[in-house]
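These values consider heavy atoms only, across backbone and side chains, with no hydrogens, waters or symmetry-generated copies. Numbers here are sequence positions counted from 1.
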Amino acid sequence: MKNLPLLGLFVVFSIAALISSLGTAFQTLPLNPDMAEMALIYQGIVHHGWRFPFTWQFTQDNQVLSLLPFSIIFYALAGVSGTSIIVQGWLIFVVNALLTGLLVKVATKSWNWAGLAWLLALLASPMAVGQPAILAYPVTHNSVWAFGLLGTIGLIRYFTDRPGWALPLLLVCVGVGTISDPWFDAAFTAPILLIAWKSPKFFQTEKATRRTLIKSVIITYIFGRIAYFGLELLHMVPGRSIGFSSLSAILHHLVLLAKSMGMLLQLYPFPSGWLTWIFWGVYLVGLCGAVILSFQARRQISPTVKVLLAFSWLSIGIISAAFVLTNFANGIWASRFRFLVISSG
């Protein structure tokens, strides 16, 4: 009973955050054709049968497995309308927030920290959760990163108490992400392999456990790439043509990286008035203090948190390197997948 007021406060904050984010999502009205892609595919299936998706030309981040099956079920239940299209995008955002809380619960074994993570995910900065247009878009990286969060839960459990479902869950996520979004390779699959390679040193993992994980992930990734190539042969998706940037482009991407990190941490753009400068300074001191305390407490963390932190830092580092070194980023908008990764980490 003594925790009842705290629980009530948590419920009130959760409802307020959900209503606020839903209101933000509806700021995208009127709709544009891109937002209705999954709805159009569903209507095509209704009118022309199951062959219709094979006539659709997706982009590289196609979300064929991460979103399309769920969209068909959603529109079959809710129908196709402007409201349902926006609500679908918002529900993806809410699911990511729920999975973030569940991930923190698995790592910390604390529902208090899980609840805090859930609220922080709902209240993150606009660049983390998406501007209104991105937040309401059903077809975004948000959907595939839900599988990144699920796979991270499987990774933590595999390295700690190894239940029978942990490795299959992780491999399903690798397969879905490999086919659905090219950025998933850098944000999830590569960090998994690096962690597995170094796991005997960092987590005192048996060699057999490490080898099983490495072999399974590589085999799953290969089958995923073969499946993607099959979609290419069917002319459903384009070839993946991301290449390396020139030196001048890399320097430009570094500037974008700095700006986007500042926006994510609410440090940029700089305040304009003296009062906001004071709040900005207090926030900056608090942020630095939190980082210092976290660094000092690194030796006292549990094995589950250690796995989560190792994965988070590797994922953030690799996706940031991909952002800088590849020729994809042409503007601040291109950092949105990295925001998802960093927010989850």
Side-chain angles (χ1 to χ4, degrees), residues 25 28 31-45 50 52-78 80 84-99 129-131 133-152 169 171-189 220-221 223-232 234-242 319 322 328 333-341 343-344:
T28 56
L31 300 177
N32 66 58
D34 287 343
M35 294 178 64
E37 180 179 9
M38 291 297 163
L40 292 173
I41 294 174
Y42 169 75
Q43 289 186 320
I45 292 173
W50 289 100
F52 182 80
F54 295 95
T55 67
W56 194 269
Q57 291 188 337
F58 296 87
T59 58
Q60 291 186 57
D61 47 338
N62 54 79
Q63 317 303 344
V64 166
L65 293 182
S66 64
L67 181 58
L68 181 57
F70 306 99
S71 297
I72 293 172
I73 297 172
F74 174 78
Y75 287 119
L77 295 173
V80 176
S84 64
I85 290 171
I86 291 178
V87 168
Q88 185 197 6
W90 175 75
L91 285 175
I92 295 169
F93 162 68
V94 173
V95 167
N96 274 269
L98 281 171
L99 290 174
V129 302
Q131 300 290 349
I134 299 175
L135 175 58
Y137 262 53
V139 188
T140 67
H141 302 293
N142 295 14
S143 59
V144 76
W145 193 240
F147 286 89
L149 295 169
L150 275 174
T152 308
L169 174 63
L171 297 179
V172 167
C173 295
V174 170
V176 170
T178 301
I179 296 171
S180 300
D181 199 315
W183 290 104
F184 196 84
D185 300 346
F188 187 81
T189 307
T220 303
Y221 177 76
F223 275 105
R225 293 295 293 138
I226 292 172
Y228 187 90
F229 182 68
L231 296 178
E232 281 188 57
L234 293 172
H235 303 291
M236 292 178 63
V237 296
R240 291 184 173 172
S241 57
I242 294 177
I319 196 67
F328 174 73
W333 56 269
S335 59
R336 60 189 184 275
F337 190 86
R338 192 173 55 82
F339 286 138
L340 289 172
V341 175
S343 301
S344 304

CZ-CD1 distance between F58 and I41, expressed to the nearest 0.5 angstrom = 3.5 Å
note = Closest heavy-atom pair, S180 versus L65, reported as atoms and distance to 0.1 Å, is OG-N, 3.3 Å
task = Classify the angle between the aromatic ring planes of F70 and F147 as parallel (below 30°), tilted (30 to 60°) or perpendicular (above 60°).
result = tilted
message = With rounding to the nearest 0.5 angstrom, report the CD to CE distance, Q63 to M38.
response = 6.5 Å
key: Y228 to P238 - nearest heavy-atom pair and separation   = OH-O, 2.7 Å
inquiry  = Between M236 and F54, is there a side-chain heavy-atom distance shorter than 4.5 Å?
reply    = yes
inquiry  = Restricting to non-hydrogen atoms, name the atom on I319 and the atom on A186 that form the minimum distance, rounded to 0.1 Å.
reply    = CD1-CB, 4.0 Å
note = Scanning both residues in full, the closest heavy-atom pair of L169 with L150 reads CD2-O, 3.5 Å
request  = List in chain and number order the residues that pass side-chain contact (heavy atoms from CB on, under 4.5 Å) with F74, two or more places apart in sequence or in another chain; answer none if no residue qualifies.
outcome  = A78, S84, V87, Q88, L91
From S71 atom OG to I92 atom CD1, the distance as rounded to the nearest 0.5 Å = 6.5 Å
task = For residues W56 and L68, determine if any side-chain heavy atom of one lies less than 4.5 Å from a side-chain heavy atom of the other.
result = no
Heavy-atom side-chain proximity of I179 to F184 below 4.5 angstrom = no
message = Just so I know, are the side chains of V237 and Q60 near enough to count as touching, which here means a heavy-atom distance under 4.5 Å?
response = no
key: Residues, nucleotides or ligands: over 12 heavy atoms within 6.0 Å of F52 CZ   = yes
key: Separation between CG of D185 and OH of Y221, rounded to the nearest 0.5 Å   = 4.0 Å
task = Mind checking side-chain hydrogen bond (donor to acceptor under 3.5 Å, both in side chains) for T55 and listing every partner two or more places apart, or none if nothing turns up?
result = none
key: Y42: partners by side-chain hydrogen bond (donor to acceptor under 3.5 Å, both in side chains), with sequence neighbours left out   = none
message = Are W145 and N96 packed together at the side-chain level, in the sense that at least one heavy-atom pair is separated by less than 4.5 angstrom?
response = yes
ask   = Rounded to the nearest 0.5 Å, how far apart are CG of L98 and CZ of F93?
value = 10.0 Å
message = Nearest 0.5 angstrom please: I85 CD1 to L40 CG, how far?
response = 7.0 Å
ask   = Among T59, L67, V144, which residue meets the side-chain contact (heavy atoms from CB on, under 4.5 Å) test with D181?
value = V144
ask   = Can you check side-chain contact (heavy atoms from CB on, under 4.5 Å) on I72 and W50, steps first, answer last?
value = CA-CA 11 Å; I72 293 172; W50 289 100; 3.8 Å; yes
